[in-house]
There are 2 protein chains.
Amino acid sequence: MSAAFALFAERGFDGTTTDDIAQRAGVGRTTFFRTFRTKEDVIFPAHEDLLERIGARLAVATPRTRDVALTEAAGIVLRHYLAEGELARARYRLVSSVPVLRAREVAGIQQYQRLFAASLTDWMAGEPDGELRAGLVAAAVVTAHNYVLRRWLRGETDTPEADFERSMEVALRQFRESPVGGEETAVVVLRTTAGLEDVVTRLRPLLEHRDEATER
Amino acid sequence: MSAAFALFAERGFDGTTTDDIAQRAGVGRTTFFRTFRTKEDVIFPAHEDLLERIGARLAVATPRTRDVALTEAAGIVLRHYLAEGELARARYRLVSSVPVLRAREVAGIQQYQRLFAASLTDWMAGEPDGELRAGLVAAAVVTAHNYVLRRWLRGETDTPEADFERSMEVALRQFRESPVGGEETAVVVLRTTAGLEDVVTRLRPLLEHRDEATER
DNA sequence: TCGCGTTTGGTACTGAGTACCATACTTGCG
DNA sequence: CGCAAGTATGGTACTCAGTACCAAACGCGA
């Protein structure tokens, strides 16, 4: 497999035949195709495994633990690539420059997204626009993950984990217990004989913990 | 091209050779490859054209007209498939059953999404998390579009245009002039000698057109 | 050492995609 | 009308990914 990456770097993806790779690796062409079903598979060997691990993480989640589950599941993928280090960056350069590999990668990402969407659809069944909104959340998760991963691959950040937490927060914020009716702003007007000081004093704690505040 | 679709329906995608298609169409194999660069290209002939039309629509938009532009640009794609009618459904069945075609389609969708993201990144440059949020909006647009298109392709709706408007509204609502600090609720309290009737009368129009109301 | 299952490598084949060439087929012009 | 130059077409031959099949090598317990 390192033989393949080396050759791709030397002669490019199209300029390298499966014969070349097998020969450099010291095995027969047949063995190569038994190990990696296609030439492209050499480049994405962990994909199946990652899909499984994401599925497993999502399977033990509930609607209540949704956001943590999504973040952790996507985090599995992110951390996998971080652990690969320079190899992940080499793959990124390769994939960026070869359209067919890009297509392959996007297809893989789509599989992640479908996995997220499937769980979300379960969790949100019954909600208005449940299926659509499930798809939107899944897309947001994948987008946030890719955004951070890409930045790290390009060397634009060296705090990817922290960036990831922040990005997931940005991505998921708007979907959190979103108001069903679509009213995001409530204006309440009342007349009272209480002094302005009194009113402000009682409002401040509500404003500072707005999650609870909206309930009252 | 209809020759190809017919053969794919008869013998499946893998069971049909380019020779078969060329022969059925009454041309040489060489001509086939000159017309469609690959065997897969027969199935997505309008893709380049759609990309261009989307790009053109987005190019004449501004940050202020963002949401209309996004909706109309995505609408171009939707309406293109609607106009195809049964052909689009045949393609959907084919693509759904052949993994390599699915991958190809997903790659195409990704190109749309990148186009949306590019314009959005321009429009949102300078905003906090602009690039990430641009990506999120692009993903939401594509997701909403695909959701409706897929439902129509499966025959689950016969009012796709109306569904589309609604879905885009759902998808874009949460991104609309979202408050930077994360506060979504504003509570304003003031003392006035004006009667309750008066206050309500002046508030109602603001509440009913909340886009403008939030400005004041 | 033998027997048996598994892993490996080699050969031959199919089919997509490319390169090249020869032949029709258009089109403009004298 | 006829001819020349460009263009579309079809055919042949090639490369290479991926598959099918077979035969030799290898591991391993009895």
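Throughout, a chain's letter reflects where its sequence line sits, starting with A, and its residues are numbered from 1. Just so you know, these numbers come straight off a predicted model, no measurement behind them.
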*Pair B:Y92-B:R154, side-chain donor/acceptor within less than 3.5 Å*: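 Result is yes, a qualifying pair exists.
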_Donor-acceptor side-chain pairing of B:D163 and B:T159 below 3.5 angstrom_ =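 A donor-acceptor contact under 3.5 Å links the two side chains.
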_Rounded distance (nearest 0.5 Å) linking atom CG of B:L7 with atom OG1 of B:T17_ =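 B:L7 atom CG to B:T17 atom OG1 measures 8.5 Å (nearest 0.5 Å).
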To the nearest Å, how far apart are [X] [atom1] and [N] [atom2]?
{"X": "B:L7", "N": "C:dG15", "atom1": "CG", "atom2": "P", "result": "14 Å"}
{"X": "A:R34", "N": "D:dC22", "atom1": "CZ", "atom2": "C1'", "result": "11 Å"}
{"X": "B:Q23", "N": "D:dG10", "atom1": "CD", "atom2": "C1'", "result": "13 Å"}
{"X": "A:E40", "N": "D:dA17", "atom1": "CD", "atom2": "P", "result": "11 Å"}
{"X": "B:L101", "N": "C:dA16", "atom1": "CG", "atom2": "P", "result": "13 Å"}
{"X": "A:F32", "N": "C:dT8", "atom1": "CZ", "atom2": "C1'", "result": "16 Å"}
{"X": "B:F36", "N": "D:dT9", "atom1": "CZ", "atom2": "C1'", "result": "15 Å"}

*asked:* Quick check on contacts: within residues 8-22 of chain A, what sits under 4.0 Å from DNA chain C by heavy-atom distance?
replied: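 Per residue number, the list is empty: none.
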*Under 4.0 Å between a Lys/Arg side-chain N and an Asp/Glu carboxylate O for A:R24 and A:E10?*
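Looking at A:E10 together with A:R24, the answer is yes, because their closest N to O distance falls below 4.0 Å.
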*Can A:R64 be said to sit on top of A:W123's aromatic six-ring, NZ or CZ under 6.0 Å from centre and within 45° of the ring axis?*
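Judged by the rule, A:R64 and A:W123 form no cation-pi pair.
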*For a side-chain contact (heavy atoms from CB on, under 4.5 Å) with B:H47, tell me which candidate from B:L50, B:L51, B:D49 qualifies.*
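The single option meeting the side-chain contact (heavy atoms from CB on, under 4.5 Å) with B:H47 is B:L51.
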*Quick check: does any side chain N or O of B:T38 sit under 3.5 Å from a backbone N or O of B:D41, one acting as donor and the other as acceptor?*
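Yes, the answer is positive, given that a donor and an acceptor are paired below the 3.5 Å cut-off.
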*asked:* Using heavy-atom distances to pick each residue's nearest nucleotide on DNA chain C, tell me which of B:T30 and A:V27 is more 5'.
replied: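 Final value for this comparison: A:V27.
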*B:R29 (side chain) and C:dG15 (base): donor-acceptor pair under 3.5 Å*: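 No, the side chain and the base share no sub-3.5 Å donor-acceptor pair.
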*Counting heavy atoms from C-beta on, name the nucleotide in D:dG18, C:dG17, C:dA19 closest to the side chain of B:T38.*
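Of the candidates, C:dG17 comes closest.
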*Should A:T31 be listed as having a side-chain N or O under 4.0 Å from OP1 or OP2 of C:dG9?*
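Yes, A:T31 has a side-chain N/O under 4.0 Å of OP1/OP2 on C:dG9.
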